[in-house]
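This chain uses plain numbering: 1 for the first residue, then up along the sequence.
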Amino acid sequence: STSIDVDDGSSNTSVIISWLPAVGFDFADTQFDNPKALDSGEILRKVIDKAIKESNPDLITFSGDNAWGNSTLSCYRRLCALVDDYEIPYYFTFGNHDTECVTEFNIADVVAESMYGNFPLGPEGINGRSNYVIDIKNKKKKIVHSIYMMDSGSKFENDTSEIEFAKSLVNGFMYNKEGDLRFYGNSTYDNVKGNQIDWYKEEVSKRNNESTIIMHIPFKEYNYAFED
């Protein structure tokens, strides 16, 4: 069963699972109903079906770029309708495409219409609204694992210094025909901000259990690690 925790002024979610260990499955970059998909998304639907049936998860997460473009809300409705059929709780955080044409409030309203979808709007005052915690609890309601859903934003806006910094990041790699990794360009995609990290630290301090972070765009430090 699922419940919403509001005691601490947040919109965190708890999932009570009677059997442990629990199994979670994450879908990344589904870009559901991408109009550029030549097969009208049929392959993606088969992949989702196969992944869920073979992993038999207790909960499902979607880590951003869940839907595509101008038809974002209708894509979310179709995605929710598809996943609802499995009767498994599922959760969303945003990528750089999800809120390009609609607001987080529009998406939250659509997810609220579903049977098993969950998208508690995260706290105000920090970057992004898909920052929240999923606490997995046993039948005694003790937290055994926490999943930190973090909003890595869309694109840098109105901050020249951050745009220039983003352009300096090495995040445009692709494999060429020879199989070698080559750099093909820079991006101004956003990233997790300091106030979100502060929020994360505060939430972690309230718990004493193992945890997982789910996000779309990796931390900036990922690039430094790659360069090193």
Side-chain angles (χ1 to χ4, degrees), residues 2-16 24 26-29 59-67 69 72-73 75-77 79-80 89-114 116-137 143 145-163 165-166 188-209 211-221:
T2 61
S3 62
I4 303 298
D5 297 327
V6 294
D7 295 344
D8 59 356
S10 73
S11 299
N12 296 333
T13 299
S14 63
V15 185
I16 300 171
D26 179 67
F27 289 99
D29 252 305
L59 74 160
I60 297 167
T61 56
F62 288 86
S63 54
D65 282 9
N66 310 307
T72 296
L73 296 184
C75 290
Y76 262 91
R77 286 191 179 94
L79 178 58
C80 288
Y90 56 95
Y91 305 81
F92 296 101
T93 191
F94 292 148
N96 47 283
H97 284 310
D98 295 285
T99 56
E100 284 181 330
C101 303
V102 297
T103 71
E104 58 269 29
F105 302 102
N106 299 140
I107 296 174
D109 288 342
V110 169
V111 177
E113 297 170 359
S114 67
Y116 293 91
N118 298 271
F119 178 58
L121 285 170
E124 297 181 4
I126 66 174
N127 288 77
R129 293 307 301 274
S130 58
N131 304 291
Y132 60 96
V133 188
I134 307 169
D135 285 325
I136 300 174
K137 299 180 179 181
I143 299 175
H145 196 94
S146 296
I147 301 175
Y148 294 88
M149 305 291 276
M150 298 192 73
D151 191 325
S152 55
S154 179
K155 293 183 179 180
F156 289 122
E157 296 180 1
N158 304 321
D159 190 328
T160 304
S161 63
E162 289 212 326
I163 290 176
F165 177 76
T188 56
Y189 286 132
D190 210 343
N191 210 283
V192 169
K193 298 295 195 301
N195 55 24
Q196 293 171 270
I197 296 174
D198 292 339
W199 166 82
Y200 167 77
K201 290 179 178 179
E202 181 180 352
E203 292 294 334
V204 168
S205 70
K206 300 174 184 176
R207 297 162 175 82
N208 183 26
N209 51 268
S211 61
T212 302
I213 295 177
I214 300 288
M215 63 169 56
H216 187 70
I217 303 173
F219 288 114
K220 294 182 292 187
E221 287 75 10

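Distance CG/Asp135 to CD1/Ile147: 9.5 Å, rounded to 0.5 Å. In this structure, Asn127 CG and Ser152 OG are separated by 11.0 Å, a value rounded to the nearest 0.5 Å. Put simply, CD1 on Ile134 and OG on Ser146 are 9.5 Å apart, with the number rounded to the nearest 0.5 Å. We find the CD-CD1 distance between Gln196 and Ile126 to be 5.5 Å, quoted to the nearest 0.5 Å. Taking NE2 of His145 as the start and OG1 of Thr212 as the end, the distance is 3.0 Å to the nearest 0.5 Å.
Under the 4.5 Å side-chain criterion, counting only non-hydrogen atoms from C-beta, Asp98 is not in contact with Thr72. By the 4.5 Å heavy-atom criterion applied to side chains, Val111 and Tyr91 are not counted as neighbours. In this structure the side chain of Lys206 never reaches within 4.5 angstrom of the side chain of Val133, judged on heavy atoms. Side-chain contact between His216 and Asp29 is present, with heavy atoms from C-beta onward closer than 4.5 Å. With a 4.5 Å cut-off on side-chain heavy atoms, Leu79 and Phe92 count as touching.
The side chain to side chain contact (heavy atoms under 4.5 Å, CB included) search around Asn106 returns Leu73, Val102, Thr103, not counting sequence neighbours. Taking the side chain to side chain contact (heavy atoms under 4.5 Å, CB included) definition, one finds that Ser130 meets it with Thr93, Phe94, Phe119, Asp151, sequence neighbours left out. Residues passing the side chain to side chain donor-acceptor pair (under 3.5 Å) test with Asp109, sequence neighbours excluded: none. Checked against salt bridge (Lys or Arg N to Asp or Glu O under 4.0 Å), Glu202 has no partners two or more places apart in sequence or in another chain. Among residues two or more places apart in sequence or in another chain, the side chain to side chain contact (heavy atoms under 4.5 Å, CB included) test is passed with Asp26 by Ala28, Thr61, Ser63, Ile214. Applying the side chain to side chain contact (heavy atoms under 4.5 Å, CB included) rule to Phe27 yields the partners Phe25, Thr30, Ile48, Ala51, Ile52, Ile60, Phe62; only residues at least two apart in sequence or on another chain are considered.
In this structure a side-chain-to-backbone donor-acceptor pair under 3.5 Å is missing from Glu203 to Tyr200. Side-chain atoms of Asn131 do not come within 3.5 Å of backbone N or O of Met150 as any donor-acceptor pair. Judged by distance alone, with hydrogens and angles left aside, the side-chain atoms of Asn66 form a donor-acceptor pair with the main-chain N or O of Gly64 at under 3.5 Å. Using modelled atom types, one side-chain atom of Asn118 and one backbone atom of Tyr116 make a donor-acceptor pair closer than 3.5 Å. Of the possible polar contacts, one joining the Asp65 side chain to the His97 backbone as a donor-acceptor pair under 3.5 Å is found.
In terms of heavy atoms, Ile217 sits closest to Gly153 at CD1-O, 4.1 Å.
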